[in-house]
Amino acid sequence: MVDLIKEEPLNSISSPVRQKAMNIINNFRMLRPLLEIEERVELLSTCFKSVFCLPSIEVLQKEASSPKEGQANVDLFKETMQSLLRLMETLIVEMPTRIQNCLQLMNPWLNSQKDNERERAMWCTARILGFTAKMEDFKMEIEFTRLGRLVKLLAMRCQDPVDNICFLSSQAVYNLYCIFLKKKQMKKKMQGLWVEEDMNEVYSANLFYNNTFEIAEAFAEYFTQTQLTNLVLTAMEELTGSRAKVSLAAAQLMSAVMKKRGTDLIKVEEIVAGILERLKLQLEPNTKEEMLRALCLLAGNSTDSVVPLLLNRTLPWDRTILALWKVFGTERETTINVLQLLIGILEKHSTEGKREIALQPVEAACALCEMLSGSLCREAIQELYPRLLLAVLCHLYWVIEQNASQKMVVYRKEGGSGKTFDPTSCALEVVKLVLFAAAYDGVVVYADEHKCWNLLSCPKFYYIGIMELTSGIVKNCEPVMLHRILNLAKNLLNSVDNRQKILARTIYAQLLWHRSVAQTPGQDFVGNLIKWIKEPNLIMKEIGLRGISNLALHPRQSQSLKSLVPFLRDFVKSEARVTVQAVKALRNIIYHGQGEEVKVVFCSISKHLRPLINDVWA
């Protein structure tokens, strides 16, 4: 019978031989089931080719000698399709676990360039899946080990240019979903769990019609890690196809499963490389936007895998990489996860080791520069704001100490013709962007007016720049935020990293300018400041005295600080900047003090101030 089918011509259907041969084979199944795998494969492959490759209905009618013959050809073709379906159903009943293999054999026609071949193959696919879902003797052993590839194929066909193929595909997707739902319910019953009835009503073929997101949503829980990965990798192959609708559907399928199951993907490096390669091609705008979103979702779920791959790209980055960093700032979960990783890099970096290691914090700063310059999840930035700000400021200190060449371009806005940045200017830009992103524009304005950026660019005056910047923060940020910054700075006051220690102590001392901070209960501000003043480092002495000066601005504090006057008096003869801060501290204690004691205090220091008044250089 198989040989007879093979001998039938593929360009006409004038003879019922192929149809009758399939009927005979089907009837003989009752005598001897076809259990040999090779026999089944040969039989199905032969029948599929013999039926699917026949000319379209229109051609069969057109090439007939008369309308009557044309209609006879059409009727014979429909009967032949029904015979093929019955044969497939019989084979499935004999070996239900082979349904996946049966569907795989139809792949050449499901992916055919000819509309009539795709339509016939999809008609059989939808029918055989529907038959399986409704089988009375349904077997739990029915498996779809290549589920990812199958769902991807059906989802793409749901976007087929032939409307009937879209309809048939949505039917196939729904029938496949019913199979998995039935397996899920059977498993629950076997475990003695309650089974919710009519769950298949949650989805329908109409819902899946032209709706890639719903297809991904429905099947997300059923994919194994391998199937999930295969779905993404095979969907990626459709991105550069000639049909814009199919390319967009592939991108939507990828982003949908990444949103739902991104943490379970394997071969992340291969996926990221594939997406980057395709983003550099001429994709449809909507497809490109969806691909950027897909990688954004993947970065949110697999941050530790995705972000290092992008950071390791050679600086300055091209438009594609910059576009990805910018889109990372648009999804709240991704923004938080990526920012936390970048903050960690900035907090841990060191000048030790190889040059590649030293470049990592610079790369992190470049990433922040692009992330924070686009549309933002402002809540996410504000949630991490104090820690992010301190990490960036510490990175700036590290960069200026490296004295990197201004000709070293590490970041270029817009990836091509825009403004270029060296490591220092990039770090400064990030500081500004962090403040803008957290909605503290007033701090940037204050810093501009007080030439703060020039001070921050010089290692010698960096700490003074931090004092001025913190003054702007005190003037423009709400007390709750000031206390968050204070608590973060407290943890770094005794850091083994000298840069962190100078940064934290400077911020800590200048925050005392604000009354609510200075009056925070349970804080030993004076004890910390005196400890720093006693250190041999002149910068630490100056920072400590600045803190005393700020504390003295508040009446409650100035009274308790009077006892420090003899101690502070000794610093009037110190190095110039230390002397200035000592005098300011004494001035504030006296100015904001009360009662006769103030006169006594003033008299006790006046003889120490006289030399300064007479000094022409003072």
Side-chain angles (χ1 to χ4, degrees), residues 299 303-318 321-322 324-326 328-329 334-373 381 384-413 419-435 437-438 453 456-459 462-463 465-466 469 488-489 491-492 495-504 506-507:
T303 312
D304 292 338
S305 299
V306 175
V307 170
L309 292 174
L310 298 180
L311 287 177
N312 289 337
R313 297 275 167 159
T314 305
L315 295 174
W317 293 320
D318 58 28
I321 304 297
L322 293 178
L324 283 169
W325 287 115
K326 182 163 287 187
F328 287 173
T334 299
T335 302
I336 289 178
N337 290 344
V338 173
L339 284 179
Q340 286 178 329
L341 192 148
L342 296 176
I343 289 170
I345 292 173
L346 296 181
E347 289 175 339
K348 294 176 184 177
H349 71 254
S350 170
T351 56
E352 298 177 2
K354 299 179 181 179
R355 182 61 180 164
E356 288 77 15
I357 298 175
L359 266 179
Q360 194 176 43
V362 177
E363 293 161 349
C366 293
L368 286 170
C369 218
E370 196 63 24
M371 274 185 73
L372 303 178
S373 63
I381 303 298
L384 298 171
Y385 166 69
R387 184 182 168 205
L388 175 59
L389 180 63
L390 264 65
V392 171
L393 288 171
C394 192
H395 167 69
L396 173 61
Y397 200 175
W398 174 79
V399 166
I400 58 177
E401 284 187 338
Q402 305 311 301
N403 195 26
S405 170
Q406 293 183 352
K407 295 181 179 179
M408 181 183 176
V409 177
V410 295
Y411 174 69
R412 182 177 289 113
K413 277 190 179 292
K419 182 180 177 182
T420 59
F421 294 81
D422 60 68
T424 300
S425 59
C426 180
L428 280 171
E429 183 73 7
V430 175
V431 174
K432 297 175 187 177
L433 289 171
V434 169
L435 294 168
W453 313 120
L456 289 173
S457 301
C458 177
Y462 171 84
Y463 72 101
I466 293 297
L469 185 67
L488 192 60
N491 297 328
L492 302 174
S495 172
V496 293
D497 186 323
N498 193 54
R499 288 184 296 270
Q500 283 188 336
K501 184 162 62 177
I502 290 176
L503 171 64
T506 306
I507 291 174

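These numbers come from the heavy atoms of this one structure, side chains and all, not from hydrogens, waters or symmetry mates.
Of all heavy-atom pairs between His395 and Pro361, the closest is CE1-O, 3.5 Å. The minimum heavy-atom distance between Leu372 and Ala437, with the atom names listed, is CD2-CB, 4.4 Å. Minimum heavy-atom separation, Gln340 to Arg387: O-NH2, 4.3 Å. Heavy-atom minimum distance, Ala299 versus Thr334: CB-CG2, 4.1 Å. Shortest non-hydrogen contact noted between Ser457 and Ile400 is O-CG2, 3.6 Å. Smallest separation of non-hydrogen atoms from Tyr463 and Thr506: O-CG2, 3.3 Å.
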Evaluation steps, side chain to side chain contact (heavy atoms under 4.5 Å, CB included), between Lys326 and Leu322: CA-CA 6 Å; Lys326 182 163 287 187; Leu322 293 178; over 6 Å; no
Is there a side chain to side chain contact (heavy atoms under 4.5 Å, CB included) between Leu342 and Met371 once you walk through the steps? CA-CA 11 Å; Leu342 296 176; Met371 274 185 73; 4.0 Å; yes
List the steps and the verdict of side chain to side chain contact (heavy atoms under 4.5 Å, CB included) for Leu428 and Leu456. CA-CA 8 Å; Leu428 280 171; Leu456 289 173; 4.1 Å; yes
Could you give me the CA-CA distance, side-chain angles and deciding distance for Leu503 and Tyr462, then say whether side chain to side chain contact (heavy atoms under 4.5 Å, CB included) is met? CA-CA 9 Å; Leu503 171 64; Tyr462 171 84; 3.6 Å; yes
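At a threshold of 4.5 Å between non-hydrogen side-chain atoms, the residues Phe421 and Lys413 count as touching. A 4.5 Å side-chain heavy-atom check between Leu339 and Leu368 finds at least one atom pair inside the cut-off. Residues Pro316 and Cys366 have side chains not in contact (no heavy-atom distance under 4.5 Å, counting atoms from C-beta outward). The closest side-chain heavy-atom distance from Val338 to Val306 is not below 4.5 Å. Looking only at side-chain heavy atoms (C-beta outward), Ile345 and Glu363 stay at 4.5 Å or farther from each other. A 4.5 Å side-chain heavy-atom check between Leu433 and Val392 finds every atom pair outside the cut-off. Looking at Leu435 and Tyr385, their side chains come closer than 4.5 Å, going by heavy atoms from C-beta outward. Using a 4.5 Å heavy-atom cutoff, the side chains of Ile507 and Leu469 are not in contact.
Rounding to the nearest 0.5 Å gives a distance of 9.0 Å between CG of Asp304 and CG of Asn337. One distance of note links CG of Leu311 with CG of Leu359; it measures 11.0 Å at 0.5 Å rounding. Interatomic distance, SG of Cys394 versus CZ of Arg499, reported as 6.0 Å (0.5 Å rounding). Rounded to the nearest 0.5 Å, atoms CG (Leu315) and CZ (Arg412) are 10.5 Å apart. In this structure, CG on Leu492 lies 13.0 Å from CD1 on Ile502, to the nearest 0.5 angstrom. To the nearest 0.5 Å, the span separating CG on Leu384 from CD1 on Ile343 amounts to 5.0 Å.
A donor-acceptor pair under 3.5 Å is absent between the side-chain atoms of Asn498 and the main chain of Lys501, judged by distance alone. Distance alone, capped at 3.5 Å, is enough to place a donor-acceptor pair between the Ser373 side chain and the Cys369 backbone.
There is a side-chain donor-acceptor pair under 3.5 Å between Glu370 and Tyr411.
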